Structures are given as C-alpha cells and as structure tokens.
Amino acid sequence: MKTSWLLSEITATLGGEGRGADVAVSRLSALAAAASGDISFLSNPKFKADALASPAGILIVSPKMAAEFTAARSLIVADDPYLYFARVARLLHPLQAALPGIHPTAVVDASACIAPDCEIGAHVVIGANVVIGAGCRVLAGCVIENDCVLGEACLLHPRVTLYAACRLGNRVVLHSGCVIGADGFGNAWDKQNRCWYKIVQMGAVQIGDDAEIGANTTIDRGALADTEIGHGVRIDNLVQIAHNVKIGAHTAIAACVGIAGSTEIGAYCIIGGAAMFVGHIHIADHTVIGGGTLVSHSIKEAGHYASSYPLQQHKDWVRNAVHLRHLNEWHKKIKKLARALPETPNTPDTQE
Amino acid sequence: MKTSWLLSEITATLGGEGRGADVAVSRLSALAAAASGDISFLSNPKFKADALASPAGILIVSPKMAAEFTAARSLIVADDPYLYFARVARLLHPLQAALPGIHPTAVVDASACIAPDCEIGAHVVIGANVVIGAGCRVLAGCVIENDCVLGEACLLHPRVTLYAACRLGNRVVLHSGCVIGADGFGNAWDKQNRCWYKIVQMGAVQIGDDAEIGANTTIDRGALADTEIGHGVRIDNLVQIAHNVKIGAHTAIAACVGIAGSTEIGAYCIIGGAAMFVGHIHIADHTVIGGGTLVSHSIKEAGHYASSYPLQQHKDWVRNAVHLRHLNEWHKKIKKLARALPETPNTPDTQE
Amino acid sequence: MKTSWLLSEITATLGGEGRGADVAVSRLSALAAAASGDISFLSNPKFKADALASPAGILIVSPKMAAEFTAARSLIVADDPYLYFARVARLLHPLQAALPGIHPTAVVDASACIAPDCEIGAHVVIGANVVIGAGCRVLAGCVIENDCVLGEACLLHPRVTLYAACRLGNRVVLHSGCVIGADGFGNAWDKQNRCWYKIVQMGAVQIGDDAEIGANTTIDRGALADTEIGHGVRIDNLVQIAHNVKIGAHTAIAACVGIAGSTEIGAYCIIGGAAMFVGHIHIADHTVIGGGTLVSHSIKEAGHYASSYPLQQHKDWVRNAVHLRHLNEWHKKIKKLARALPETPNTPDTQE
C-alpha cells in the first residue's frame, strides 16, 4: 500500500492547483496538530494565523487565502478546501475492497444468489432467495433474512440485521448493530378483550444508492407499503425511523433523532440531533431543524426551525420555569392592564 | 399456502356481516391504493368519498357507514373496521410456526431444557439451565444466558440478548438487537477513593405474556428485586427501561422513551415517543403522555399530560426563547404594574 | 461457593464496626423487603422507623444512627452505609472469573495475541493483530476488529462490536450491543455534485481503566484524532458519543444522552438522562446537568444546570405554551406599560 504522496501526485489525481515545493506527505492532520510530513487545510479564515505558522508539509487553501502565503509554501489551491481534504483522506485511506469468499462458518441458504467477488464474514447468516450484488462486504455476525436484495458494493459492518424482503441500492453502508425492517409499531385496540391486537407489518424497507446508516439505528418495515430512504441519505447513530416514513434524497439526520410513522421528510434537509417528529406530517425540501426540536406539525416552507428550552443554572430555571404554567393568566392580566391605561403613542422600542 | 380468500370465507372465520357479491381477495391495501383483488377498510368517516369510489374488491365498514353503499357492493360490516382489518391481515399472513430443530451451528448447554418443537437458529448460544417452552422460535445469533426461562410460543428475532435469569411469559416477541437484563446503572460514590463503586445488580427481568419489545430496546435487570414488564405491554424501538421499573399491563410505549430507575407506570397507559421519566415516580393507570414530554413528578390522576416547547422558525425562537430566562422578573413587574393601577372591574376577557 | 456470612466475617473483610450478635446472612435486601437471613442498610434517616422495626439479620447504619438501636441489635456501623452495602453485595456476589479457553466456534486470527487465561466465548470473532490482556472475558457473539487492544480483566458482554484499532484500559466493562468505534458522522457537502462526500474517520476510540459502558450505547471513532473516555467513567444504555468527544475521568452519564462531535465533558460531572449536548463545547469539571436538558453552549463554571419544560395537563399546556411564540411581543408591551405609569417606589415583593 502506498504510504507517501507527493503534492504533484495528489493534484494529478484530484485536481486543484499545486504551488511551492513538491513535498511528500503521509498523514492527514488538523491544523493545530499538523507536522512536516502532514497535509492539512484552512477552511475557516479565523484560523489564518495558525495556518501561516503551521509546519504542515502541504496546506489546502482557497484561492482567496492563497495570496497570504509565500511563493515557496507548498499549497494546494482548491475552491472548497474542506471537501478537497475529504478527497485526500479517501486517497490516502482507500475504501477496503471485498476479499472474495464466504467464510466457512457463514450459514448461507442454497437458494441465495451471491456475486462471486463478495466477502461474506464469519458467522454471517443469509436466508432463502437473498440476492447480493457484486463487490459487497457483509462482515461478521450479520443476519440477512429471506428475500432481501443488496445492490453492488454495499458494506454491512458487523452484526447488522436485515429482516425479510428489504432492499438496498448500490454502495449502501450500514453500521454495526443497525436493524433494518423490524416490525412497525402497529397495534389496534381491541375494546372487547381490552388488549392490543398486533397489525401485521406487510411492507418492507427500501434504501437508495449511497445511503449510509449509523450504528444501532432502527428503520422499521412498512405496514402496507414500504418505508423508503432516498439516495445519498446520511443517518447517524441511534436514530429511529418508524414504519412508512419517507426520507428524501441527500437529507442528513444527526444522532438520536426519532421520526414517527408515515412522516415524510423532504430532500436536502438537515436534521439536528435528538429532534423528534410526530407522525403523518410533511417536511419541505431544504428544511433545517435545530437539535432537540419537537416537530409537531408539517413544515411547508423551507427554513430553519427550532423549539428548545434555553439552558440555565438550575436555581434560575426553578424560578423561571414555574411561570410557564401560568402564561395564559399573564396574557389576560397584561391585556387588562393595557386596557386600563390611557392610549400611549407608539414609541421607538416597538421597532426592536 | 392459501393465497386467495372469498368474502364468505373471511366472515366464516372472523365473524362480521358479509354483504354483496362473494368476491375473492388476495391482498390488503390502504384505501387510496386498493385494486379490485384487494380488501381495504373505512375507519375515518372523512374518507367516505374515497371509499365510495374505491375499486377495492371488499371494503370493511362500520354498520353506520354500510348504508351509504349500494346493495351490490361487497362489504364486511364490523363494529371496529380497523381492528377487523388487523384480523384479516393476520388471516392472510399467519404467524410463521416454528420449524422444529436446533441448527447445527447453535451452541446449547447440555443442561438446557428445550421443548422438542422449538426452532433454534444458526449461531444461537444457550446457557446452562435455560428452559424454553413449546413452540418457541429463537432466530439467528441470539444469546440466552444461564437460568433464563421462556414460556411457550415466544419469538426472538435475530441477535437478541437475554442476560442470566430473565423470564419471559408466553407469546413474548423480542425484536432484533434488544438487550434484556443488562446491569442497571447502579453506582455508589466512594468519597475516599474519589471514584464510583459498582452496585451488583442482583435482580433480573420478568416480561409478561403477549408483550412485544422493539428493536434495540434495552431493559435493565433490577438491583435487588426484578424489573417487571406486564402482560400485553407494547414497547417500540430504542426505548430504555432502567432497573426496577414496573410497567403495568397493556401499556403502550412509543419509540425513544426513557424511564429512569424504580419508576412505576400504570396499566393501560399510552406513552408518546421520546417522553422521559425521572426515577422513583408513579404514573396512574390510563395516563396518556404526549411525545417529547419530560415527566418530572408522579401523576396520581389519569389524564393527558404534556410538556414540550412549541415549534417556531429559528429566528422567532431566538427572539422569544431568550425571555424564558427572565420570566421571574416579568412576574414581579406585572404584579407591580397591577398594583400601581386603580382597581379595574372584571371584564369579559377573563372568561376566555 | 460460600453462601452464608457471619457479621464478624463481613467486618473482618470490609472493615466497619460490628455490634450485637454475630449472626449469619445469606442475602442482600432493601429495607422494606428484608427478612431475618438478610443484610440491609439505612442510608436515609427518613426510613429510621422502618429500620428500627426491620427483621433484617444485620443492618448497616451510620455512627449517628447506631445509637438509636438496642445493644443486642446486630449492626455494622460504617461512615457510608450505602457504599458499605455495595461492598457487601460484591462480597456475596463476586465478579465471575474468566473460564480460560477459546470456544471452538470462535474465529480468531492467527496473529491475535490473547493471554492464556482469557475466556473467549462462542461465535466470537477476533481480527488480525488484536491484543487481549490477562483475565479478559469476551462473551458470545462479540466482534473485535483488527488492531484492537484490550487491557487486563476486561468484560465484554455478548454481542459487543469493537471496530478496528480501538483500545480499552484495564477492567473495562462493555454491555451487550454496544458499538465502539463506528465511523463518526463526518460529511462534506459537495456543491458541484449536490451530495454528501464522506470524510474518512481515521481516529479510533480509547477507553480508560475501570470505565463501564451500557447496553446498545454507541461511541464513534474520531475523524483525525481519537475519541477519549476517561478512567472510571460510567455510561448508561443507549447513549451516543460522537467523534472526538472527550469525557473526563469519573464522569457519570445516564441513559439516552447524546453528545455531539468534539465536545469535551470535564471530570466528575453527572449528566442526567436524555440530556443533549451540541458539538464543540466545553463543560467544566464537577458540572451537574439535569435530565432532558439541551446544553447549547459551553459551561465554564461548575454548577447545576437545567433547561426542561415543566409538565402539565395537556389542556393547560395547550393554553399556556401557545404564548411562548409571543414572548417578545409581551416584552415590548410590558416595557410600554411600565413607561406609561408614574414611577412607583420599590415594594417588598421585589425582594422575593
């Protein structure tokens, strides 16, 4: 494996404009930690001074910033230094290719159709009629139930479960412990017997190309139709996606989010950590939701939404939060006060 | 497997009153998606027009709605169309019976007592003195530690863990990745050594008949006594149940809920997603908790409780939420204003 | 295994002052449940009456409380009765030692270096160059990827995943289903191709001595440097620790907490359940965070912080919470009212 890269080799592969000496680097580093054999980047101008002083072998900078450095400084000039850095990271740490073969401890149903170049790890279990496309890696301890279909070049980290009949596109990445296709939470109340009657979940889960799903995240199968995750979606760890949810293409969802049944999130949304969505609502494309927000109704207009309670010292919180139980009384009192006063002209503070 | 059902066959099995032609159906569908070979239902009267126009082979409707349809229309008239539909779903998709046998890759302790008609999947591990009742299915990759007891007809989806000495009733369903009986979070602060001293968790977990537990949910073992989940309880995915919690019979808990130690939730409660309960409180039977609610004290009177912050555009939230830090000052100011004004008679708006 | 202990044997082993008859006990119990063969403790003075009436064979009490009991009562007098009880629990239920040996179904790479007294369970998978110290127990179904290092006497409960190159100190406990070292949620937006570009996560996870991590908790590997969990840290179930987070020594984190990327939590902090931390902030040592709090900025001064919305009946919440969208208008209105009134002298209620 190649462990050292010249500046000229990097730009020959990834584009961008090289400047200064054609030095070699072998490691990627954050600006503050970079040494002479490292490549780093300057994305936020507020770190300009750090970048100017950095011993990093190569710095990736924007065209605007490039002028700040001496001609001898080894630079790669790129429009988006952070994205370029991400590409260098992939160049130096290429995705591991499948080591073709089925581990002797894997249990694979005779009717499964697995491309010959796939890597099937130790103790994997693959059910009847499963189809796995070229170049997939299914690592140790995964369980893929009957009738699932995986596209090409998927990567299932250890101990992933796919319930029956789920379908993955190409290059889907599933992290360890995630559970795709468990039963949606569907129960009808049986008045006569005073108990819940389970509703069979007859749909499955579809995940689009290039989606990546985090560790221990759960995506439930649909009740009648399928739960659908769009192309290029990124979902972090410990996220719950309920039955019949649809997530639009290229939406990113941070950790600990919960999305209740049948809610549809648009494309290109960004969902902050621990946000919670009620069921049966629609969120417009390009919506941004702040961390910890409870999304209690549909959002028709893209924008940035929030709903969290501000942090305080506990003793101040005790004094202030108690009044939240009385806001409606205050509302009446303020109205009454306003009525009791003579009319007052508009004053500048109403422009605030 | 039977794939098509006549109206008369369905009513002969499940009851309800058949009307119109004795047509056959082979699939369940939502009203909007139903085709001529499908059976669907009308539960919410606001979809009456859709139902009247639907090509669905059979519709399940309430007695009140039945009068709206022509005599030729194939209907099943049932008091609770949604529940009836759930029963039809089970009829068309019967629960898979155990395929008796222990997979050759399973590792089963010689002292375990497993009913002969159980299905034990690939790579399952079963410890000493475990007892598994008739008709259970323990799917691939489950680990059942020593001294656990399973009743009859339980279904453990792939990769479930039962720590030692946990006990399941009959027909319990555990979804993939759930962990039953891990140590409760018990730590005593050791002042002298300035570190936490772990408190051995000596209890176990008991789960009642017909309970169903979601994917990647965790239920901790008790410290001294057991953690107890009642009969017929439904728990969704990614729920945390701490040590010594008790959940009453037939309570339903949506995803992402957390319940801290020793809290007791009554029977027939409905807990919305992402609700959080502090420890050592009691919640009355039949209580309903809204999604995202922090339950900070006991609830003695059944009712519907909530505590979430309303959704806003982020720019509006910034303007409004900042004042929450000053409500107590406002309180004083409003009182002072009210005192400074002459007495005002009660006005109609106080009736609001 | 020894199943019964005399009072004198306990104090000989653990210290503390024995009083009264040298009775034997075989079980630990809560005060309310204790029988004559049990040992229990009185920590909270409000249960003094229960303690005086308790049939427990031995009671552990503080020096101050000891005077309340008759001379014949079998007591152990200890400064911290709860901690002493925790030590008795460990004495009666000693940590299970490793049963040395590698289960024949485990798949262990030839290059792994495993101390001969380790216990490696059924269906465990261990990758290349893994090092496992003396006395470790790696239970059924765990997957330890290449280049991981475990110190001595670690306990991995069933079905834990360690991604490549993670390092555990000594006596680390990982509960079932936890995932250590999955990729951090790093994505750069590629404007040209309108999609996310994954940032390779090149760091790993380090966990200090005596740390314990709960069931189904996820701790992501760092982007460039490592994610670090300090010595003696206690983390409960279903917690999410993002990439490059640092948790200081002896901090305790309750269930369902989420900590976003690069945030640093100090030492000796106590974090309540379901608290959420935004990324890139610092929390001072000894900080206490209330359950359900959204920590939206750094905390430089140790103290007790909170931010949750108070619980109400849903009908009251509907009436009150709606006003939160209008607090800024109220603010202006109250200011205007105050200006419109003649100056009022400070009145006693401002001292509230």
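In this text, all values refer to a predicted model and were calculated from it rather than measured experimentally.
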Chain C heavy atoms under 4.5 Å from [X]: which part of the residue, side chain, backbone, both or neither?
X       : result
D80(A)  : side chain
L238(A) : side chain
H231(A) : neither
I235(A) : backbone
A252(A) : both
R234(A) : both
T105(A) : side chain
R27(A)  : neither
H123(A) : side chain
P310(A) : backbone
I270(A) : side chain

Spacing of [atom1] belonging to [X] relative to [atom2] belonging to [Y], to within rounding of 0.5 Å:
X       : Y       : atom1 : atom2 : answer
I299(C) : I283(C) : CD1   : CD1   : 4.0 Å
C256(A) : I259(C) : SG    : CD1   : 9.5 Å
I253(A) : T217(A) : CD1   : OG1   : 9.0 Å

Presence of salt bridge, D190(C) and R87(A), under 4.0 angstrom: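 Yes, R87(A) and D190(C) are salt-bridged.
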NZ/NE/NH1/NH2 to OD/OE distance under 4.0 Å, D79(A) and K191(C): no
Where on [X] is there a heavy atom nearer than 4.5 Å to chain A: the side chain, the backbone, both, or neither?
X       : value
N193(C) : side chain
T293(C) : side chain
V295(C) : both
V239(C) : backbone
W189(C) : both
I334(C) : side chain
E329(C) : neither
W196(C) : both
E145(C) : side chain
V160(C) : backbone

Are any side-chain N or O atoms of [X] and backbone N or O atoms of [Y], one a donor and one an acceptor, separated by less than 3.5 Å?
X       : Y       : answer
T263(C) : H280(C) : yes
T287(C) : C269(C) : no
T218(A) : Q240(A) : no
T227(C) : V205(C) : no
N129(C) : D147(C) : no
D38(A)  : S26(A)  : no

When only pairs under 4.5 Å are counted, which of [options] shares the most heavy-atom pairs with chain A?
options                            : value
V278(C), N187(C), D316(C)          : N187(C)
F185(C), W317(C), W330(C)          : F185(C)
G258(C), A306(C), A274(C), A188(C) : A306(C)
G177(C), S296(C), G303(C), G141(C) : G177(C)

Shortest non-hydrogen separation from L31(A) to S40(A) and the atoms involved: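 Reported closest heavy-atom pair: N-OG, 3.1 Å.
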Pairs of heavy atoms under 4.5 Å with chain C: top-ranked of N237(A), L83(A), L337(A):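 Answer, by heavy-atom pair count under 4.5 Å with chain C: N237(A).
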Choice from S176(A), A215(A), S308(A), G232(A) maximising heavy atom contacts with chain C below 4.5 Å: S176(A)
side-chain contact (heavy atoms from CB on, under 4.5 Å) partner of I180(C), chosen from I144(C), T161(C), I207(C): I207(C)
Within the 6.0 Å centroid threshold, strictly below: H157(A) and Y163(C):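 Yes.
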Set of residues satisfying side-chain hydrogen bond (donor to acceptor under 3.5 Å, both in side chains) with respect to D109(C), sequence neighbours excluded: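 S111(C).
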Test side-chain hydrogen bond (donor to acceptor under 3.5 Å, both in side chains) applied to Q313(C) - qualifying residues, sequence neighbours left out: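 Q313(C) satisfies side-chain hydrogen bond (donor to acceptor under 3.5 Å, both in side chains) with no residue once adjacent residues are dropped.
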